[in-house]
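The block underneath contains the structure these notes are about, expressed in C-alpha coordinates.
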Amino acid sequence: MPPRSPFSVPEGLPPLVPEELARVEEMVALLRERIADAGGSLSFAEYMETVLYTPNLGYYSGGLHKFGAQGDFVTAPEISPLFGRCLARQVAEILAQIGGGEVLEVGAGTGALAVDLLEALETMGVMPHRYRILERSGELRARQTETIATRLPHWIDRVLWCSDLPDPGWTGVVVANELLDALPVYRFELSEQGLLEHRVGWEENQFVWYALPAEGPLAAALEAWNDQYGQTLGIGYVSERSLAAPAWLTTLANRLSRGGLILVDYGYPGREYYHPERSTGTLACHYRHRCHYDPLILPGLQDITAHVDFTALAEAAVASGMAVSGYTHQAHFLLATGILDAFSPLDPTDVAAQLSLANQVRRLTLPQEMGEIFKVMAMTRGVEADLVGFQHRDLRGRL
Ligand SMILES: C[S@@+](CC[C@H](N)C(=O)[O-])C[C@H]1O[C@@H](n2cnc3c(N)ncnc32)[C@H](O)[C@@H]1O
(Lines give C-alpha, C1' and ligand atoms only; values in the text may rest on other atoms or scores of the structure.)
Protein backbone atom coordinates (compact mmCIF):
# COMPACT_ATOMS: atom_id res chain seq x y z
CA MET A 1 0.00 0.00 0.00
CA PRO A 2 1.59 3.37 -0.98
CA PRO A 3 2.12 5.70 2.00
CA ARG A 4 -0.51 8.39 2.50
CA SER A 5 -0.57 11.52 4.62
CA PRO A 6 -1.75 10.82 8.18
CA PHE A 7 -4.47 13.42 7.54
CA SER A 8 -5.99 11.52 4.56
CA VAL A 9 -9.57 10.32 4.98
CA PRO A 10 -11.02 7.23 3.26
CA GLU A 11 -12.47 8.00 -0.16
CA GLY A 12 -15.88 9.66 -0.20
CA LEU A 13 -15.73 11.00 3.37
CA PRO A 14 -15.56 14.74 4.22
CA PRO A 15 -12.17 16.23 5.16
CA LEU A 16 -11.24 16.56 8.83
CA VAL A 17 -12.69 19.46 10.80
CA PRO A 18 -10.20 21.76 12.63
CA GLU A 19 -10.66 19.93 15.96
CA GLU A 20 -9.85 16.59 14.31
CA LEU A 21 -6.89 18.08 12.45
CA ALA A 22 -5.48 19.40 15.73
CA ARG A 23 -5.90 16.00 17.32
CA VAL A 24 -4.11 14.17 14.51
CA GLU A 25 -1.33 16.79 14.59
CA GLU A 26 -0.80 16.19 18.29
CA MET A 27 -0.74 12.42 17.79
CA VAL A 28 1.66 12.69 14.84
CA ALA A 29 4.03 14.80 16.98
CA LEU A 30 3.91 12.21 19.77
CA LEU A 31 4.52 9.30 17.38
CA ARG A 32 7.42 11.09 15.66
CA GLU A 33 9.01 11.71 19.04
CA ARG A 34 8.61 8.03 19.98
CA ILE A 35 9.96 6.89 16.62
CA ALA A 36 13.02 9.14 17.07
CA ASP A 37 13.55 7.93 20.67
CA ALA A 38 13.36 4.31 19.46
CA GLY A 39 16.10 4.91 16.87
CA GLY A 40 13.95 5.33 13.74
CA SER A 41 11.01 2.93 13.99
CA LEU A 42 8.34 1.49 16.27
CA SER A 43 6.95 -2.02 16.23
CA PHE A 44 3.39 -2.03 14.91
CA ALA A 45 2.27 -3.12 18.41
CA GLU A 46 3.84 0.03 19.90
CA TYR A 47 2.24 2.18 17.19
CA MET A 48 -1.19 0.55 17.79
CA GLU A 49 -0.85 0.91 21.57
CA THR A 50 -0.03 4.61 21.19
CA VAL A 51 -2.80 5.50 18.75
CA LEU A 52 -5.49 3.58 20.64
CA TYR A 53 -4.64 4.10 24.30
CA THR A 54 -2.56 7.25 24.91
CA PRO A 55 -4.45 9.00 27.74
CA ASN A 56 -6.66 11.85 26.46
CA LEU A 57 -5.42 11.45 22.90
CA GLY A 58 -5.74 7.80 21.85
CA TYR A 59 -8.78 6.47 20.02
CA TYR A 60 -10.22 4.72 23.10
CA SER A 61 -9.09 7.32 25.63
CA GLY A 62 -9.82 10.59 23.90
CA GLY A 63 -13.56 11.24 24.10
CA LEU A 64 -14.59 10.26 20.55
CA HIS A 65 -18.03 8.75 19.97
CA LYS A 66 -16.71 5.33 18.83
CA PHE A 67 -19.81 3.18 19.48
CA GLY A 68 -23.19 3.35 17.75
CA ALA A 69 -24.72 5.34 14.91
CA GLN A 70 -22.70 8.50 15.62
CA GLY A 71 -19.47 6.59 16.05
CA ASP A 72 -17.34 4.26 13.98
CA PHE A 73 -18.64 0.75 14.72
CA VAL A 74 -21.44 -1.11 16.49
CA THR A 75 -20.93 -3.99 18.92
CA ALA A 76 -23.42 -6.71 19.90
CA PRO A 77 -24.47 -5.17 23.26
CA GLU A 78 -25.15 -1.91 21.43
CA ILE A 79 -27.38 -3.73 18.94
CA SER A 80 -29.60 -5.54 21.40
CA PRO A 81 -30.05 -6.42 25.09
CA LEU A 82 -30.70 -9.99 23.91
CA PHE A 83 -26.95 -10.48 23.67
CA GLY A 84 -26.45 -9.77 27.39
CA ARG A 85 -29.49 -11.81 28.36
CA CYS A 86 -28.13 -14.89 26.56
CA LEU A 87 -24.66 -14.40 28.00
CA ALA A 88 -26.27 -14.15 31.45
CA ARG A 89 -27.60 -17.71 31.14
CA GLN A 90 -24.08 -19.00 30.58
CA VAL A 91 -22.68 -16.87 33.40
CA ALA A 92 -25.44 -18.08 35.74
CA GLU A 93 -24.73 -21.72 34.94
CA ILE A 94 -21.03 -21.36 35.75
CA LEU A 95 -21.75 -19.37 38.94
CA ALA A 96 -24.14 -22.13 40.06
CA GLN A 97 -21.49 -24.78 39.37
CA ILE A 98 -18.90 -23.04 41.55
CA GLY A 99 -21.33 -22.14 44.33
CA GLY A 100 -21.39 -18.41 43.54
CA GLY A 101 -18.72 -15.79 42.96
CA GLU A 102 -18.08 -12.47 41.27
CA VAL A 103 -18.43 -11.36 37.66
CA LEU A 104 -15.63 -9.42 36.02
CA GLU A 105 -16.17 -7.65 32.70
CA VAL A 106 -13.02 -6.58 30.91
CA GLY A 107 -13.25 -3.73 28.37
CA ALA A 108 -16.82 -2.70 29.10
CA GLY A 109 -17.32 -0.04 26.38
CA THR A 110 -20.36 2.11 27.17
CA GLY A 111 -21.52 -0.14 30.05
CA ALA A 112 -24.48 -1.50 28.04
CA LEU A 113 -23.49 -5.15 28.50
CA ALA A 114 -23.02 -4.66 32.26
CA VAL A 115 -26.59 -3.36 32.56
CA ASP A 116 -28.09 -6.14 30.43
CA LEU A 117 -26.15 -8.86 32.24
CA LEU A 118 -26.99 -7.60 35.72
CA GLU A 119 -30.68 -7.14 34.85
CA ALA A 120 -30.90 -10.67 33.46
CA LEU A 121 -28.99 -12.23 36.38
CA GLU A 122 -31.27 -10.40 38.79
CA THR A 123 -34.34 -11.75 36.97
CA MET A 124 -32.91 -15.26 37.23
CA GLY A 125 -32.19 -14.75 40.93
CA VAL A 126 -28.49 -15.49 40.44
CA MET A 127 -26.73 -12.46 41.80
CA PRO A 128 -22.95 -12.25 41.63
CA HIS A 129 -21.29 -11.19 44.88
CA ARG A 130 -19.97 -8.20 43.04
CA TYR A 131 -19.68 -6.90 39.46
CA ARG A 132 -16.16 -5.79 38.65
CA ILE A 133 -15.17 -3.81 35.59
CA LEU A 134 -11.62 -3.55 34.32
CA GLU A 135 -11.44 -0.78 31.74
CA ARG A 136 -8.31 0.90 30.39
CA SER A 137 -9.92 4.06 29.13
CA GLY A 138 -10.69 6.72 31.77
CA GLU A 139 -13.21 8.31 29.44
CA LEU A 140 -15.06 4.99 29.00
CA ARG A 141 -14.98 4.33 32.75
CA ALA A 142 -16.86 7.62 33.20
CA ARG A 143 -19.39 6.59 30.53
CA GLN A 144 -19.91 3.20 32.17
CA THR A 145 -20.52 4.85 35.55
CA GLU A 146 -23.12 7.12 33.99
CA THR A 147 -24.86 4.25 32.15
CA ILE A 148 -25.11 2.08 35.26
CA ALA A 149 -26.07 4.96 37.57
CA THR A 150 -28.88 5.94 35.17
CA ARG A 151 -30.21 2.55 34.13
CA LEU A 152 -29.49 0.42 37.20
CA PRO A 153 -29.07 2.86 40.12
CA HIS A 154 -29.50 0.21 42.82
CA TRP A 155 -26.41 -1.56 41.46
CA ILE A 156 -24.02 1.36 41.25
CA ASP A 157 -22.59 0.81 44.75
CA ARG A 158 -21.92 -2.85 44.05
CA VAL A 159 -19.98 -2.27 40.84
CA LEU A 160 -16.27 -2.00 41.39
CA TRP A 161 -13.96 -0.47 38.78
CA CYS A 162 -10.52 -1.97 39.16
CA SER A 163 -7.16 -1.11 37.70
CA ASP A 164 -5.82 -4.65 37.32
CA LEU A 165 -6.95 -8.25 37.00
CA PRO A 166 -8.06 -9.76 40.33
CA ASP A 167 -5.53 -11.14 42.81
CA PRO A 168 -4.69 -14.86 42.67
CA GLY A 169 -7.35 -17.07 44.26
CA TRP A 170 -10.25 -15.23 42.60
CA THR A 171 -13.50 -17.12 42.05
CA GLY A 172 -16.05 -16.08 39.45
CA VAL A 173 -16.79 -15.56 35.78
CA VAL A 174 -14.95 -13.21 33.44
CA VAL A 175 -16.67 -11.88 30.32
CA ALA A 176 -15.06 -9.91 27.53
CA ASN A 177 -16.80 -8.91 24.31
CA GLU A 178 -14.56 -7.52 21.57
CA LEU A 179 -11.68 -6.95 23.95
CA LEU A 180 -8.99 -9.07 22.36
CA ASP A 181 -9.42 -7.65 18.84
CA ALA A 182 -8.46 -4.27 20.33
CA LEU A 183 -5.14 -5.44 21.83
CA PRO A 184 -1.96 -4.43 19.99
CA VAL A 185 -0.52 -6.90 17.47
CA TYR A 186 2.78 -7.24 15.62
CA ARG A 187 2.82 -7.38 11.83
CA PHE A 188 5.21 -9.56 9.86
CA GLU A 189 6.01 -10.85 6.40
CA LEU A 190 7.39 -14.08 4.97
CA SER A 191 10.20 -12.90 2.69
CA GLU A 192 13.12 -14.33 0.71
CA GLN A 193 15.28 -13.29 3.69
CA GLY A 194 13.08 -15.16 6.17
CA LEU A 195 10.52 -13.70 8.57
CA LEU A 196 10.64 -9.91 8.75
CA GLU A 197 8.85 -7.63 11.17
CA HIS A 198 6.88 -4.70 9.72
CA ARG A 199 7.79 -1.59 11.71
CA VAL A 200 6.52 1.96 11.45
CA GLY A 201 8.80 4.90 10.59
CA TRP A 202 8.33 8.49 9.44
CA GLU A 203 9.63 9.88 6.12
CA GLU A 204 8.62 12.88 4.05
CA ASN A 205 5.55 13.76 6.11
CA GLN A 206 4.15 10.24 6.12
CA PHE A 207 4.28 7.16 8.24
CA VAL A 208 5.98 4.36 6.31
CA TRP A 209 6.50 0.63 6.74
CA TYR A 210 9.96 -0.87 7.19
CA ALA A 211 10.55 -4.62 6.94
CA LEU A 212 13.33 -5.52 9.40
CA PRO A 213 14.58 -8.71 11.07
CA ALA A 214 12.53 -9.40 14.20
CA GLU A 215 14.32 -9.35 17.55
CA GLY A 216 13.72 -10.46 21.14
CA PRO A 217 10.48 -12.19 22.19
CA LEU A 218 8.88 -11.46 18.82
CA ALA A 219 11.64 -13.34 16.98
CA ALA A 220 11.03 -16.42 19.16
CA ALA A 221 7.25 -16.15 18.73
CA LEU A 222 7.58 -15.85 14.94
CA GLU A 223 9.88 -18.87 14.78
CA ALA A 224 7.31 -20.93 16.69
CA TRP A 225 4.60 -19.58 14.36
CA ASN A 226 6.70 -20.54 11.33
CA ASP A 227 7.06 -24.14 12.55
CA GLN A 228 3.30 -24.35 13.16
CA TYR A 229 1.94 -22.58 10.05
CA GLY A 230 4.67 -21.07 7.87
CA GLN A 231 5.48 -24.14 5.76
CA THR A 232 2.25 -23.93 3.73
CA LEU A 233 2.48 -20.18 3.05
CA GLY A 234 4.28 -18.39 0.23
CA ILE A 235 6.81 -15.56 0.00
CA GLY A 236 5.09 -12.17 0.44
CA TYR A 237 2.54 -13.51 2.94
CA VAL A 238 1.73 -10.77 5.50
CA SER A 239 -0.10 -11.30 8.77
CA GLU A 240 -0.18 -10.38 12.45
CA ARG A 241 0.78 -12.08 15.68
CA SER A 242 -0.54 -11.07 19.07
CA LEU A 243 1.76 -11.51 22.05
CA ALA A 244 -0.59 -9.47 24.25
CA ALA A 245 -3.70 -11.69 23.97
CA PRO A 246 -2.15 -15.02 25.11
CA ALA A 247 -0.15 -13.16 27.80
CA TRP A 248 -3.35 -11.55 29.11
CA LEU A 249 -5.07 -14.93 29.16
CA THR A 250 -2.18 -16.59 30.99
CA THR A 251 -2.17 -13.90 33.70
CA LEU A 252 -5.92 -14.21 34.13
CA ALA A 253 -5.84 -18.02 34.17
CA ASN A 254 -3.18 -17.96 36.88
CA ARG A 255 -5.39 -15.76 39.07
CA LEU A 256 -8.63 -17.68 38.60
CA SER A 257 -8.93 -20.46 41.19
CA ARG A 258 -12.47 -21.56 40.18
CA GLY A 259 -14.86 -20.38 37.53
CA GLY A 260 -14.72 -19.45 33.89
CA LEU A 261 -13.87 -17.03 31.18
CA ILE A 262 -16.23 -16.31 28.28
CA LEU A 263 -14.65 -14.56 25.33
CA VAL A 264 -16.65 -13.24 22.37
CA ASP A 265 -14.78 -11.86 19.41
CA TYR A 266 -14.24 -12.11 15.69
CA GLY A 267 -11.55 -14.52 14.67
CA TYR A 268 -10.60 -17.99 13.57
CA PRO A 269 -8.74 -21.10 14.68
CA GLY A 270 -5.02 -20.79 13.77
CA ARG A 271 -5.22 -22.93 10.62
CA GLU A 272 -8.00 -20.75 9.19
CA TYR A 273 -6.40 -17.50 10.35
CA TYR A 274 -3.07 -18.34 8.72
CA HIS A 275 -4.67 -19.67 5.57
CA PRO A 276 -2.83 -19.17 2.23
CA GLU A 277 -5.77 -17.10 0.94
CA ARG A 278 -5.65 -14.66 3.87
CA SER A 279 -2.34 -13.34 2.56
CA THR A 280 -2.60 -9.73 3.76
CA GLY A 281 -3.62 -10.48 7.34
CA THR A 282 -6.70 -9.27 9.17
CA LEU A 283 -5.83 -5.73 10.27
CA ALA A 284 -8.80 -3.44 9.71
CA CYS A 285 -9.59 0.18 10.56
CA HIS A 286 -12.98 1.69 11.30
CA TYR A 287 -13.75 5.35 10.79
CA ARG A 288 -17.30 6.69 10.52
CA HIS A 289 -18.71 3.25 9.73
CA ARG A 290 -16.24 2.82 6.88
CA CYS A 291 -13.94 -0.17 7.04
CA HIS A 292 -10.55 0.22 5.36
CA TYR A 293 -7.06 -1.26 5.64
CA ASP A 294 -4.61 1.61 6.16
CA PRO A 295 -3.66 1.89 9.86
CA LEU A 296 -1.08 4.60 9.12
CA ILE A 297 -3.69 7.31 8.48
CA LEU A 298 -5.82 9.19 11.03
CA PRO A 299 -3.75 8.13 14.07
CA GLY A 300 -5.94 8.46 17.16
CA LEU A 301 -9.11 9.15 15.16
CA GLN A 302 -9.83 5.65 13.88
CA ASP A 303 -10.17 2.24 15.44
CA ILE A 304 -7.61 -0.42 14.50
CA THR A 305 -8.36 -4.09 15.07
CA ALA A 306 -7.05 -7.52 14.20
CA HIS A 307 -8.92 -10.81 14.30
CA VAL A 308 -8.32 -13.19 17.17
CA ASP A 309 -6.37 -16.45 16.83
CA PHE A 310 -8.51 -18.72 19.01
CA THR A 311 -6.04 -21.61 18.80
CA ALA A 312 -3.35 -19.46 20.45
CA LEU A 313 -5.80 -18.61 23.23
CA ALA A 314 -6.78 -22.25 23.73
CA GLU A 315 -3.10 -23.23 23.93
CA ALA A 316 -2.42 -20.52 26.53
CA ALA A 317 -5.43 -21.64 28.60
CA VAL A 318 -4.46 -25.31 28.53
CA ALA A 319 -0.84 -24.46 29.40
CA SER A 320 -2.19 -22.67 32.49
CA GLY A 321 -4.26 -25.68 33.55
CA MET A 322 -7.66 -24.44 32.38
CA ALA A 323 -10.09 -26.51 30.31
CA VAL A 324 -11.39 -25.22 26.99
CA SER A 325 -15.06 -26.00 27.64
CA GLY A 326 -16.59 -24.72 24.43
CA TYR A 327 -15.95 -22.92 21.17
CA THR A 328 -18.67 -22.08 18.68
CA HIS A 329 -20.15 -19.46 16.37
CA GLN A 330 -21.99 -16.59 18.08
CA ALA A 331 -25.22 -17.67 16.34
CA HIS A 332 -25.10 -21.16 17.83
CA PHE A 333 -24.22 -19.81 21.26
CA LEU A 334 -27.14 -17.37 21.22
CA LEU A 335 -29.60 -19.99 19.97
CA ALA A 336 -28.45 -22.44 22.64
CA THR A 337 -28.83 -19.81 25.36
CA GLY A 338 -32.39 -19.01 24.30
CA ILE A 339 -32.31 -15.93 22.11
CA LEU A 340 -35.60 -16.99 20.48
CA ASP A 341 -37.35 -17.16 23.89
CA ALA A 342 -37.62 -13.38 23.71
CA PHE A 343 -40.51 -13.74 21.25
CA SER A 344 -42.80 -15.69 23.62
CA PRO A 345 -43.88 -12.82 25.92
CA LEU A 346 -44.64 -10.55 22.93
CA ASP A 347 -48.20 -9.82 21.94
CA PRO A 348 -48.55 -11.61 18.55
CA THR A 349 -50.61 -8.67 17.22
CA ASP A 350 -47.86 -6.15 18.07
CA VAL A 351 -46.20 -6.31 14.68
CA ALA A 352 -43.82 -3.42 15.34
CA ALA A 353 -42.39 -5.15 18.43
CA GLN A 354 -42.11 -8.49 16.59
CA LEU A 355 -40.27 -6.84 13.69
CA SER A 356 -37.90 -4.92 15.92
CA LEU A 357 -36.97 -8.09 17.81
CA ALA A 358 -36.61 -10.11 14.62
CA ASN A 359 -34.26 -7.45 13.29
CA GLN A 360 -32.08 -7.62 16.41
CA VAL A 361 -31.96 -11.43 16.25
CA ARG A 362 -31.03 -11.29 12.56
CA ARG A 363 -28.14 -8.90 13.14
CA LEU A 364 -26.74 -11.01 15.95
CA THR A 365 -27.16 -14.42 14.33
CA LEU A 366 -27.21 -14.36 10.52
CA PRO A 367 -23.98 -15.73 9.04
CA GLN A 368 -23.46 -12.67 6.83
CA GLU A 369 -23.96 -10.37 9.85
CA MET A 370 -22.35 -11.26 13.23
CA GLY A 371 -23.48 -14.88 13.50
CA GLU A 372 -20.50 -16.69 12.02
CA ILE A 373 -17.46 -14.46 12.06
CA PHE A 374 -17.95 -13.85 15.80
CA LYS A 375 -17.03 -16.81 17.99
CA VAL A 376 -17.63 -17.59 21.64
CA MET A 377 -14.99 -19.45 23.60
CA ALA A 378 -15.32 -20.62 27.21
CA MET A 379 -12.44 -21.68 29.43
CA THR A 380 -13.11 -23.04 32.89
CA ARG A 381 -11.42 -24.29 36.04
CA GLY A 382 -13.28 -26.51 38.49
CA VAL A 383 -16.46 -26.70 36.39
CA GLU A 384 -17.62 -30.20 35.48
CA ALA A 385 -20.86 -29.58 33.55
CA ASP A 386 -21.19 -29.36 29.77
CA LEU A 387 -21.93 -25.69 29.20
CA VAL A 388 -25.37 -24.74 27.88
CA GLY A 389 -24.05 -22.31 25.26
CA PHE A 390 -22.22 -24.99 23.31
CA GLN A 391 -24.90 -27.64 23.19
CA HIS A 392 -26.14 -26.73 19.69
CA ARG A 393 -22.77 -26.97 18.07
CA ASP A 394 -19.32 -27.32 19.57
CA LEU A 395 -16.45 -26.51 17.22
CA ARG A 396 -13.54 -27.31 19.56
CA GLY A 397 -12.37 -29.94 17.08
CA ARG A 398 -11.39 -27.18 14.65
CA LEU A 399 -9.01 -25.42 17.03
C1 LIG B 1 -13.95 -2.74 20.90
S2 LIG B 1 -14.26 -2.11 22.47
C3 LIG B 1 -15.54 -3.21 23.04
C4 LIG B 1 -16.38 -2.61 24.13
C5 LIG B 1 -17.52 -3.46 24.70
N6 LIG B 1 -17.07 -4.71 25.26
C7 LIG B 1 -18.59 -3.70 23.67
O8 LIG B 1 -18.76 -4.85 23.28
O9 LIG B 1 -19.26 -2.74 23.26
C10 LIG B 1 -12.83 -2.59 23.40
C11 LIG B 1 -12.88 -2.19 24.87
O12 LIG B 1 -11.77 -2.77 25.56
C13 LIG B 1 -11.11 -1.76 26.34
N14 LIG B 1 -9.74 -2.26 26.55
C15 LIG B 1 -8.78 -2.43 25.66
N16 LIG B 1 -7.67 -3.00 26.21
C17 LIG B 1 -7.98 -3.24 27.50
C18 LIG B 1 -7.28 -3.82 28.60
N19 LIG B 1 -6.03 -4.29 28.47
N20 LIG B 1 -7.92 -3.91 29.79
C21 LIG B 1 -9.18 -3.44 29.93
N22 LIG B 1 -9.90 -2.87 28.93
C23 LIG B 1 -9.30 -2.77 27.74
C24 LIG B 1 -11.31 -0.53 25.50
O25 LIG B 1 -11.06 0.66 26.19
C26 LIG B 1 -12.79 -0.71 25.11
O27 LIG B 1 -13.66 -0.39 26.16
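Worth saying up front: this structure is predicted, and the values here are computed from it rather than measured. Every number for a ligand or one of its atoms is a count from 1 in the order of the listing.
Polar contact with ligand 1: present for Asn177 (N/O pair, distance under 3.5 Å). Taking any N or O of Gln144, backbone or side chain, none lies under 3.5 Å from an N or O belonging to ligand 1. Every N/O-N/O distance between Glu105 and ligand 1 stays at or above 3.5 Å.
Rounding to the nearest 0.5 Å places CD of Gln228 at 7.5 Å from OG1 of Thr311. Atoms OH and CD, from Tyr274 and Glu240 in turn, are 6.5 Å apart once rounded to the nearest 0.5 Å.
Annotation for ligand 1: atoms under 4.0 Å from non-hydrogen atoms of Val106 are 20 (N), 21 (C). Close approach of ligand 1 to Gly109 (heavy-atom distance below 4.0 Å) involves ligand atoms 4 (C), 5 (C), 27 (O). Close approach of ligand 1 to Ser137 is summarised as follows: ligand atoms under 4.0 Å from at least one heavy atom of the residue are 25 (O). Listed by number with element, the atoms of ligand 1 under 4.0 Å from a non-hydrogen atom of Pro77 are 8 (O). Heavy-atom contacts of Leu140 reach the following atoms of ligand 1: 25 (O), 26 (C), 27 (O) (cutoff under 4.0 Å).
With sequence neighbours excluded, the residues that form a side chain to side chain contact (heavy atoms under 4.5 Å, CB included) with Leu335 are Ile339, Leu340, His392. Remark: Arg151 pairs with Asp116 by the salt bridge (charged side-chain N to carboxylate O under 4.0 Å, His left out) rule, at least two apart or across chains.
Given atom 18 (C) of ligand 1, the protein heavy atom at minimum distance is Arg136 CG, 3.5 Å. Taking atom 27 (O) of ligand 1 as the reference point, the nearest protein heavy-atom neighbour is Glu135 OE1, 2.8 Å. Atom 21 (C) of ligand 1 has as its closest protein heavy atom Leu134 O, 3.4 Å. Shortest contact from atom 7 (C) of ligand 1 to any protein heavy atom: Thr75 OG1, 3.4 Å. Closest protein heavy atom to atom 10 (C) of ligand 1: Glu178 O, 3.3 Å.
Residue Arg363 is tested with Thr365, Val361, Leu366, Asn359 for a side chain to side chain contact (heavy atoms under 4.5 Å, CB included); the sole match is Asn359. Applying the ring pair (Phe, Tyr, Trp, His ring centres under 6.0 Å) test between His198 and each of Phe207, Trp209, Tyr47, Phe188 identifies Trp209 as the sole match.
Using a 4.0 Å cutoff on heavy atoms, Leu179 counts as a contact of ligand 1. By the 4.0 Å heavy-atom criterion, Tyr53 is counted among the residues contacting ligand 1.
Aromatic ring centres of Phe44 and Tyr186: separated by at least 6.0 Å.
Cluster membership check: Tyr266 does not share its hydrophobic cluster with Val185, using side-chain heavy-atom separations under 4.5 Å among Ile, Leu, Val, Met, Phe, Trp and Tyr.
Val388 and Ala336 make their closest contact through O-CB, 3.4 Å (heavy atoms, listed as atom of the first residue, atom of the second, distance). Between Pro299 and Val24, the shortest heavy-atom distance links the atoms CD-CG1, 3.8 Å.
Looking at Glu20 and Arg288, a side-chain N of the basic residue comes within less than 4.0 Å of a carboxylate O on the acidic one, giving a salt bridge.
Of the candidates Ser61, Gly84, Gly107, Ala114, it is Gly107 that places a heavy atom closest to atom 6 (N) of ligand 1.
Proximity of Leu183 to ligand 1, defined as any heavy-atom pair under 4.0 Å, is confined to the side chain (atoms from C-beta onward).
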